[in-house]
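The structure appears below as structure tokens.
Per chain, numbering begins at 1; letters A, B, ... match sequence-line order. Side-chain atoms are counted along with the backbone in the values below, which use heavy atoms only and exclude waters and symmetry mates.
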Amino acid sequence: MRILFMGTPDFAEVSLRAIYNAGYDIIGVVTNQDKPKGRGMKLVASPVKEFATQNSIPIYQPLKIRNNTDFIEEVKRLNPDVICVVAYGKILPKELLEIPKLGCINVHGSLLPKYRGAAPIQWAVLNGDKKTGITTMYMDEGMDTGDMILKQEVEIGDDETTGELWNKLSIIGGELLTKTLEKIEDGTAPRIKQTGEFSLAPMLDKSIAKIDWKNMTAKEIKNLVRGLNPIMGAYSYLNDKKIKFWKVQNIKLEDFCYDKNLKLEELKRMENGIVVISNEKEGLYIKCIEGIIKVLEIQGENSKRMNICDFLRGNKINTKSKFE
RNA sequence: CGCGGGGUAGAGCAGUUGGCAGCUCGUCGGGCUCAUAACCCGAAGGUCGGUAGUUCGAGUCUAUCCCCCGCAA
């Protein structure tokens, strides 16, 4: 089988590696353009491109695909049996989808039809879901609306971050893609229509990263923190300084009062976002709706991530100060 | 030439107009306590990123090099 692979980030690289190691004939790799990245804005190749370079697979990096007749012609000339798309980053037009005889298949990081769109993994964590998974499907013109082929569930841990889940799913994605190709090759791949309710997982907007102490419960804040780790980091302001939280715990008000010997009524009356306890021995505790947030890992302005005790040694946070 | 912050004890930081190198924690030794991430006493630990310069005198001012980090993508 002649396979054309389209993908860009590390998540896609894992899938490419899996089918490469499984012995499939990869006739080319399509990946996004090198982008200026990091300090100094140097051009950096995508992980998929790196892998292709190392293994001498031909690389294509079209600026755009829609209305790019040169590229479409090139793909026709390549004559792929299947195109595998994993987190490529561009929407594919119908004329491209119709080229491979056996179809275009996609690896998606959710249990479709839940979380169609660009950020399924992030949203699963942000919403505090207990499980998610990987779905492979035949692509059509819609946004992740094609017929499903294989599906595998994965549990999400209470403290699992998007980054951890991302890695886990990328590996499963590679395995499932390999299985899917096997089934396509021997003609046993099913075509399962997506039925029932669907939901969308749009690309994350920067504005969601700010913690809203007035309206979010402690549990929601915790989910926000782990959902945005390590992509953006949930942040808040303290004395006009931006502070990011990377790891927090969520403690019930009752348990907290019992532990610290405080009066529940007094605690309930405090404003949300107020620092209840802050010292380098016990750590940092913040009053929230329906709970206390205990900060474990934090990052100050222009600083790196560090555990809360180290942070408080050099950066004093006063009790009763308020996160905005 | 994208924008910005920084390099001082093992860790996190302070250090004013140039004038004895400090704080908190940790480590080591001792004490106290039924008990502790408790408390008390004591000690060790530094080429202040490198080099050159200004100066009676540089962590601090100037030049230059190296390294680290954040934003942004």
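Applying the ring-ring contact (aromatic ring centres under 6.0 Å, His included) rule to Tyr20(A) yields the partners Phe51(A); only residues at least two apart in sequence or on another chain are considered. Residues passing the side-chain hydrogen bond (donor to acceptor under 3.5 Å, both in side chains) test with Asp81(A): none are found, sequence neighbours excluded. Scored by the side-chain hydrogen bond (donor to acceptor under 3.5 Å, both in side chains) test, Asn32(A) finds Lys90(A) as partners (sequence neighbours excluded). The side-chain hydrogen bond (donor to acceptor under 3.5 Å, both in side chains) check on Asp25(A) picks up nothing, with sequence neighbours excluded. The side-chain contact (heavy atoms from CB on, under 4.5 Å) check on Tyr60(A) picks up Val30(A), Pro58(A), Pro62(A), Phe71(A), Glu74(A), Leu78(A), with sequence neighbours excluded. Under the side-chain hydrogen bond (donor to acceptor under 3.5 Å, both in side chains) criterion, Glu13(A) pairs with Arg17(A), sequence neighbours left out. With sequence neighbours left out, the ring-ring contact (aromatic ring centres under 6.0 Å, His included) criterion links Tyr235(A) to Tyr237(A). Residues passing the ring-ring contact (aromatic ring centres under 6.0 Å, His included) test with Tyr285(A), sequence neighbours excluded: Phe256(A).
The C1' atoms of rC40(B) and rU60(B) are separated by 37 Å, rounded to the nearest whole Å. For the P atoms, the distance from rC23(B) to rG42(B) is 13 Å, rounded to whole Å. As rounded to the nearest Å, rA9(B) and rC3(B) have C1' atoms that lie 34 Å from one another. rA11(B) and rU55(B) have their C1' atoms separated by 35 Å, with the value rounded to a whole Å. Taking the C1' atoms as reference points, rC20(B) lies 28 Å from rG29(B), given to the whole Å. Rounded to a whole angstrom, the distance from the C1' atom of rU8(B) to that of rC48(B) is 4 Å. For the C1' atoms, the distance from rA63(B) to rC25(B) is 38 Å, rounded to whole Å. For rC39(B) and rG46(B), the C1' atoms lie 30 Å apart once the distance is rounded to whole Å.
Sequence neighbours left out, not one pair with a member in residues 140-163 of chain A passes ring pair (Phe, Tyr, Trp, His ring centres under 6.0 Å).
Less than 4.0 Å separates RNA chain B from at least one heavy atom of each of the following residues of residues 275-285 of chain A: Glu280(A), Lys281(A). Less than 4.0 Å separates RNA chain B from at least one heavy atom of each of the following residues of residues 306-313 of chain A: Met306(A), Asp310(A), Phe311(A), Arg313(A).
Pair assignment for rU55(B) gives none, since no Watson-Crick or G-U wobble pairing has each distance under 3.5 Å. Under the Watson-Crick or G-U wobble criterion, with both distances below 3.5 Å, rG42(B) is paired with rC28(B). Here rC71(B) sits opposite rG2(B) as a Watson-Crick or G-U wobble pair (both hydrogen-bonding atom distances under 3.5 Å). Of the nucleotides present, none pairs with rU36(B) by Watson-Crick or G-U wobble criteria with both distances under 3.5 Å.
Ion pair Glu271(A)/Lys214(A) not flagged as a salt bridge, since none of the NZ, NE, NH1 or NH2 atoms sits closer than 4.0 Å to an Asp/Glu carboxylate oxygen.
What separates NZ of Lys241(A) from C1' of rG4(B) is a distance of 15 Å, to the nearest Å.
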Would you tabulate the pairs of protein nitrogen or oxygen atoms and nucleotide nitrogen or oxygen atoms of nucleotides 66-73 of chain B closer than 3.5 angstrom?
unit_1	atom_1	unit_2	atom_2	d
rC69(B)	N4	Arg39(A)	NE	3.1
rC71(B)	OP1	Lys244(A)	NZ	2.5
rA72(B)	N1	Gly38(A)	N	3.0

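Across every non-hydrogen atom of Leu112(A) and Met137(A), the tightest pair is CD1-SD, 3.7 Å.
In the hydrophobic cluster analysis, where Ile, Leu, Val, Met, Phe, Trp and Tyr join through side-chain heavy atoms closer than 4.5 angstrom, Ile277(A) is grouped apart from Ile298(A).
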